[in-house]
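For reference, positions follow the sequence shown, starting with 1. Order of appearance sets the numbers: ligands from 1, and atoms from 1 within every ligand.
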Amino acid sequence: MARKENPYREYGIGTQSVHTGTDYDVGTGAVRRPLHMANSYRLPDDLSQVNYSSTDLLMYARNGNPNQHWLEEKIAALHDAEDAIVLASGVAALHALFWTLLQSGDRVVYPKVSYMAVYRMFHELFNRKFGVETVMVDMTDLEAVRAVVTPGTRLVHIETPDNPTIGITDIAAVAKIVHENGAVLSVDNTFASPFHQKPLELGADFVVESLTKFINGHGDAQGGAIISNDVETLDRIRYEAQVNVGSVISPFNAWQIFRGSVTFPLRMRRISESSQVIAGWLEKQPYVTFVSYPGLQSHPGHELAKRQMKNGYGGVISFGVDADDKAVERFCAALRVVTFAVSLGHDESLIFPQPSYDERINLYPEKFRKGFIRFSIGLEEPEDIIRDLQQAFGKAGLC
Ligand SMILES: *Cc1c(COP(=O)(O)O)cnc(C)c1O
């Protein structure tokens, strides 16, 4: 696809999130670009050059839409990257990348702790259906990574901070091992977002993000992105996964995420500042068994996070309480400011207990196996969130 120069390249992230991908509407002069809900576009008079499986021409909804393309310009700019593809969800983006890169007989190395769908794809789908060799490893242990990333490995996928234990992986160190062995590295950057971390600068080949989370930030639209400087492979993904598998984003969701993304750096700053305060408070509570947040000195990845992240440490905290699943549910249900729901990165704080019967619980470090809660901090006043936690701990009989 033809790529646009980013005229705001030398400006900061706050300016880029306001100005890239937008312009006045040529037809009306409106200072907002329109939402184009159309399945088909007028074809050129001469059809001899048209490739119906490409995204080069606006022609049919699955071949792409203008709202998608404007959002792609912005996402690429936020990562200072050559190009980005925006698809229907974060998982659609992960699948599109894996589907395009991997063939039967290839070897992929993936983390012990990762987003649920990554675990499903590599633990039971790509291996059983397509004969891809999938190897799980603790990515926070570089010796272990070195032992399994052999020549002949096609892809190494990591997530940092990881979902749900908030473990930190050394992107630059893993990239070095990966490239020495002729493989490529993809990084799920959903938890950090480009406000805190730009993995391409640290040696990653591909970045995947769920735009559903912090980038949209309002809990009302789903989307995902693949970001890279390898523009040939991105075009292959457009052909193999967007047009011919069908993971395109709807114009409305792209429009909604574009709007949410304007305030993304402001929200991220507020959320990470609040998270630091709340994580510090949680750590002092006697009934809290552990707090996992990279901004805390007690986090094993704190020094590494200080080097590889900037402007703070993100908006998700994991912590434990000395209680069974039922008491943890009572605590979550008693919250009034914080919402008891899955997902993260919304304007409102969200809390989600990780049940002890989760089949992956034994893949997590020991302390995460009891009373483990994932907590996404929102835009509310941090003092109100703390008061809410306090009253709910009381109601659930935890303190
Ligand atoms: C939510 C999430 C995804 C998946 O994104 P969807 O938009 O829900 O498909 C992928 N990776 C991480 C780390 C996530 O938190």
Side-chain angles (χ1 to χ4, degrees), residues 68 71 75 79 84-99 110-123 125 139-140 157-169 171 185-197 199 204 206-227 241-242 245-250 252-254 256-258 260-261 264 268 271 275 292-294 309 313-318 341-346 349-352 354 358 360 363-364 372-378:
Q68 173 197 27
L71 181 56
I75 300 298
H79 281 274
I85 306 178
V86 169
L87 296 172
S89 67
V91 169
L94 288 161
H95 173 267
L97 180 70
F98 302 156
W99 167 256
Y110 70 106
K112 249 173 118 168
V113 183
S114 71
Y115 188 65
M116 177 66 119
V118 169
Y119 171 79
R120 289 266 173 264
M121 279 192 266
F122 291 144
H123 189 69
L125 297 174
M139 291 288 180
T140 65
H157 178 74
I158 64 175
E159 199 174 293
T160 182
D162 68 40
N163 188 354
T165 68
I166 328 293
I168 301 292
T169 294
I171 299 172
L185 175 65
S186 61
V187 179
D188 187 327
N189 200 54
T190 301
F191 273 36
S193 86
F195 184 72
H196 294 303
Q197 183 169 280
F206 298 94
V207 176
V208 179
E209 270 174 15
S210 169
L211 307 178
T212 314
K213 312 292 172 56
F214 295 104
I215 304 275
N216 178 54
H218 294 76
D220 53 9
Q222 188 151 48
I226 308 165
I227 303 112
Q242 178 184 314
V245 175
S247 51
V248 70
I249 191 168
S250 85
F252 181 71
N253 277 348
Q256 190 91 320
I257 295 168
F258 191 96
S261 70
F264 145 72
M268 213 64 221
I271 284 171
S275 298
S292 182
Y293 184 69
M309 300 178 79
Y313 303 92
V316 190
I317 300 169
S318 280
V342 297
S343 201
L344 51 106
H346 292 187
S349 296
L350 299 172
I351 203 153
F352 175 49
Q354 309 280 310
D358 182 333
R360 300 176 302 160
L363 298 174
Y364 303 156
F372 169 20
I373 300 167
R374 189 190 69 195
F375 187 17
S376 168
I377 308 306

Polar atom proximity, Val91 to ligand 1 (N or O, under 3.5 Å):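 For ligand 1, there is an N or O atom that lies under 3.5 Å from one belonging to Val91.
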N or O pair under 3.5 Å between Ala92 and ligand 1: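 No; the residue has no nitrogen or oxygen that sits under 3.5 Å from a nitrogen or oxygen of the ligand.
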Nearest neighbour in protein (non-hydrogen) for [atom]:
| atom | answer |
| --- | --- |
| atom 7 (O) of ligand 1 | Thr212 OG1, 2.6 Å |
| atom 11 (N) of ligand 1 | Asp188 OD2, 2.7 Å |
| atom 6 (P) of ligand 1 | Gly90 N, 3.3 Å |
| atom 4 (C) of ligand 1 | Tyr115 CE2, 3.5 Å |
| atom 14 (C) of ligand 1 | Lys213 NZ, 3.0 Å |

Distance-only donor-acceptor check, side chains His79 and Glu209, under 3.5 Å: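 The answer is yes; a qualifying pair exists.
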Check: Gln256/Gln222 side-chain N/O donor and acceptor closer than 3.5 Å: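 Side chains of Gln256 and Gln222: no pair found under 3.5 Å.
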When rounded to the nearest 0.5 angstrom, what distance separates [atom1] in [X] from [atom2] in [Y]?
| X | Y | atom1 | atom2 | value |
| --- | --- | --- | --- | --- |
| Phe375 | Leu344 | CZ | CG | 12.5 Å |
| Gln197 | Asn189 | CD | CG | 5.0 Å |
| Ile168 | Met309 | CD1 | CE | 5.5 Å |

Close aromatic pair by centroid cut-off 6.0 Å: Phe98 and Phe122: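 When the ring centroids of Phe98 and Phe122 are compared, they turn out to be within the sub-6.0 Å range.
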Ring-ring centroid check Phe191 His196, cutoff 6.0 Å: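 Here the rings of His196 and Phe191 have centres that are no less than 6.0 Å from each other.
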Can you sort out which atoms of ligand 1 are near [X], meaning under 4.0 Å from one of its heavy atoms?
| X | result |
| --- | --- |
| Glu159 | 13 (C) |
| Gln222 | 6 (P), 7 (O), 8 (O), 9 (O) |
| Gly223 | 7 (O) |

